[in-house]
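A short write-up of the structure that comes next.
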Amino acid sequence: MWPEEFARRYREQGYWTGQTFDDLLRSRSDAHPDRIAVVDGERRVTYGELRDRALRLAGGLHRIGVRRGDRVVVQLPNRAEYFDVVFALFRLGALPVFALPAHRAAEIGYFCAHTEAVAFITTDVHEGFDHRTLAAAAAPATTIVAGAPGIHIGLSTLYESAYPDLGLPSAGEVAFLQLSGGSTGLPKLIPRTHDDYLYSVRASAEICGLTADSVYLAALPVAHNFTMSSPGVLGALHAGGRIVLARRPDPATVLPLIAAERVTITAAVPPLALLWLDAVAAMASGPDLSSLEVLQVGGAKLGSTVAARVAPTLGCRLQQVFGMAEGLVNYTRLDDPDEVVLHTQGRPISPDDEIRIVDDEDRPVPPGAAGQLLTRGPYTIRGYYRAAAHNREAFTADGFYRTGDVVRRRDDGYLVVEGRAKDQINRGGEKIAAEEVENHLLTHPAVHDAAVVAVPDAYLGERTCAFVVPRAGQDPPTLPALRRHLHERGLAAYKIPDRLQVLDAFPVTGVGKTSRRELRAALRALQKG
Ligand code: OOB
C-alpha cells in the first residue's frame, strides 16, 4: 500500500475520490436505469437490471458463506453473468481473483490455494473445454457454475428475491486481485483498491473520449486489465455507455457484431488486429464498420507497418496502449499527429505518474536513451499480494515498480518500447513467465535442465522455445512428449512451448547462470542456417 504522504497527495489532487465500485454502479443505475448496459448475444441488460441482479446475487453468495474480505477465484468468459458476479462480490466486499478463460488446473489450483479462496466461479463449457473439471483443482473452494452446473452450485440458483443488508467496503480497501504476466516461478497477484483503479478508469474514459453514446466491444477476455479498465468495460459503465460482449475474438464474430451493434470503440492485441485487418481487406463488401471510431491496440508491441494499415482499412483512428496490470497505462491521444500514433506507445495517464529510465545499476540513462522503465504513481501498486521476498526485488526501496520493459522517452514525453529485460515471453499479448514453464519441464523424467526463451515470430511477435539438457542415460525428450507432459500437468495451452532444442549443456554467464542471451543468439543462428 502507498505511504501516507502519497495517499494524501493523491486524494488532494482529486485522483482518489472515495468512490467504490458499488457507488459507481448505483449512481449509474439511479441516473439511467433503463439504458442498456450490457449486450450478450440476444440478451440485453439495463443498468437497473444489472444493479438488481448484482444485489440479489450478493444475497445468494452471502447465504452460502461468502463474506467481506474473502477471496473468490472468478474464471468467466465474455458473458453477461460476469458483471453480476463482480458487482455482487464488490457489494459484499469480497475480492474477485481474475483468472483468464485459458487457465487450467495448474493455474486455478494455485490461485485458489495461494489466496485461500472460499469459492471458484466458472462457466460450464467454453471453446470445447469443460471448466467444471477444474473443480477438483480448486478444492477446497466451493465451485459455482454459470450455465449447466453438473454436480456443482448453479450460479442461477443464487439470485435471492431480497437484497441483503450489508456493510459497505471503503474505497481505500483492496477491491480485487489481478494477475501479473510475471517472470517468476509462480504467478503473482496484484492487489488493486477501489480508489486507485477507479481513478485509472475515469481518466482512461476521458482520454479515450467515452460518452453515454459510446459502445465498447469486448473482444479480448473481460477480466484482463486492458479490457477491464483501459478504458474497457468499466470505462464504458462509468461513461453510461454500452458494453457489447463478443464470445470469441475472431473476425467472423467481431466484424458483424460491430455492424449490428454500432460499436464505436474496441481493443485488440497486435495479432488480433492483424487478423481483423486482413479479413476486412479481403472482403469486397463486408459488414458496415462506419460506426467504429477507435481501435485500440496494446498488450504487445505494434509494428508501424501494421499500425499504418488501421485507419485506411477500418476507417477509424488507431490508439496505441502500453499498459500493465500492476498499474501504469500509456495512451497515444486521439488528437495526436499520425507520426506519434504510428511510432510511439503513448504517454502516461496521470501527471503524477513518475517515470524513471535506468541502466542495470539503477542509474538514470541520458535523455532519449533506452533503459529499463521504473514507475510509481496514483494507480501503480507498491507490492504484490503475499509476496514479501519477491517485492524486495520487483520494487525499488523508494517504491518504484520495476516493469522489466526497456523503453526510451522522446523529447515530447512519449514512450517507445524497445524491448524487455525480464524473463518473460510475450506471445501475442499473452505473457509467459520463463521460470514457471521451466519448473514444469523439470518434472519430466528425461529432463535434466530446461530454459525457455522467446523466438521472434512474424504473426505473434514471439513464440516460445524450450531448450532442454537431457538426463544422462535417457533418450532426449521429443516436443510432442514434453507438450503432452505439460498439458497433463494442467498448464494453460498458451504457455506450452512451440519449439524444442536439445543441447548437451547450457551456455553460462560469468556467474555461472544459464545465459538466455546466448540461447536466443544460438536460436537466431539456427534460423539463419
Ligand atoms: C497489458 O498488461 P499485462 O499485465 O498483461 O502485461 C504488461 C506488459 C508490459 O510490461 C509490457 O511488457 C507488455 O505487457 N506490453 C507492451 C504493450 N502493452 C503491454 N509492450 C509493447 N507495447 C505495448 N503497447 O498488457 C495491458 C494492460 C493494460 C492496457 C494494455 C495492456
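Start at 1 and go down the list; that is how both ligands and their atoms are numbered.
Contact annotation for V297 and ligand 1: no heavy atom of the residue comes within less than 4.0 Å of the ligand. Contact annotation: for R420 versus ligand 1, there are no heavy atoms closer than 4.0 Å. Residue contacts with ligand 1, taken as heavy atom pairs separated by less than 4.0 Å, do not involve S180 at all. Residue contacts with ligand 1, taken as heavy atom pairs separated by less than 4.0 Å, involve V321 via backbone and side-chain atoms alike.
Under a 4.0 Å N-O distance rule, the pair R309/D278 qualifies as a salt bridge. The pair E107-K495 counts as a salt bridge, with a side-chain nitrogen and a carboxylate oxygen less than 4.0 angstrom apart. The pair R356-D362 fails the salt-bridge criterion, with no side-chain N (NZ, NE, NH1 or NH2) lying under 4.0 Å from an Asp/Glu carboxylate O. Between R427 and D498 there is a salt bridge, with a side-chain nitrogen of the basic residue lying less than 4.0 Å from a carboxylate oxygen of the acidic one.
Taking the six-membered ring where tryptophan is involved, the planes of Y82 and F98 are tilted, since the angle between them lies from 30° to 60°.
Taking atom 15 (N) of ligand 1 as the reference point, the nearest protein heavy-atom neighbour is G299 O, 3.4 Å. In this structure, the protein non-hydrogen atom closest to atom 4 (O) of ligand 1 is A325 N, 2.9 Å. Counting protein heavy atoms only, atom 3 (P) of ligand 1 is closest to K431 NZ, 3.6 Å. The protein non-hydrogen atom at the shortest distance from atom 10 (O) of ligand 1 is D405 OD2, 2.5 Å.
Around atom 2 (O) of ligand 1, the closest heavy atom drawn from M324, Q345, Q320 belongs to M324. Evaluated by nearest non-hydrogen atom to atom 21 (C) of ligand 1, the leading choice among Q296, M228, K301 is K301. Around atom 7 (C) of ligand 1, the closest heavy atom drawn from G429, A267, G323, P270 belongs to G323.
Considering R71, K188, Q178 as possible partners of Y385, the one that fulfils the side chain to side chain donor-acceptor pair (under 3.5 Å) test is R71. For the salt bridge (charged side-chain N to carboxylate O under 4.0 Å, His left out) criterion with D405, the lone passing option out of R420, K301, K422 is K422.
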**Prompt:** Between R28 and H238, does a side-chain hydrogen bond (donor to acceptor under 3.5 Å, both in side chains) hold up when you go through it step by step?
**Reply:** CA-CA 7 Å; R28 296 306 177 265; H238 163 74; 3.2 Å; yes
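Inclusion of K422 in the set of residues having an N or O under 3.5 Å from an N or O of ligand 1 is warranted. In terms of N/O distances under 3.5 Å, ligand 1 is not approached by S230. At a 3.5 angstrom cut-off on N or O pairs, E326 does not count as close to ligand 1.
Contact atoms of ligand 1 toward N426: 13 (C) (distance under 4.0 Å to a heavy atom of the residue).
Considering every non-hydrogen atom in both S200 and Y197, the closest pair reads OG-O, 2.7 Å.
Taking the centre and axis of the six-membered ring of F6, the NZ or CZ atom of R382 falls inside the cone set by 45° and 6.0 Å.
Residue contact annotation: H224 has a non-hydrogen atom under 4.0 Å from ligand 1.
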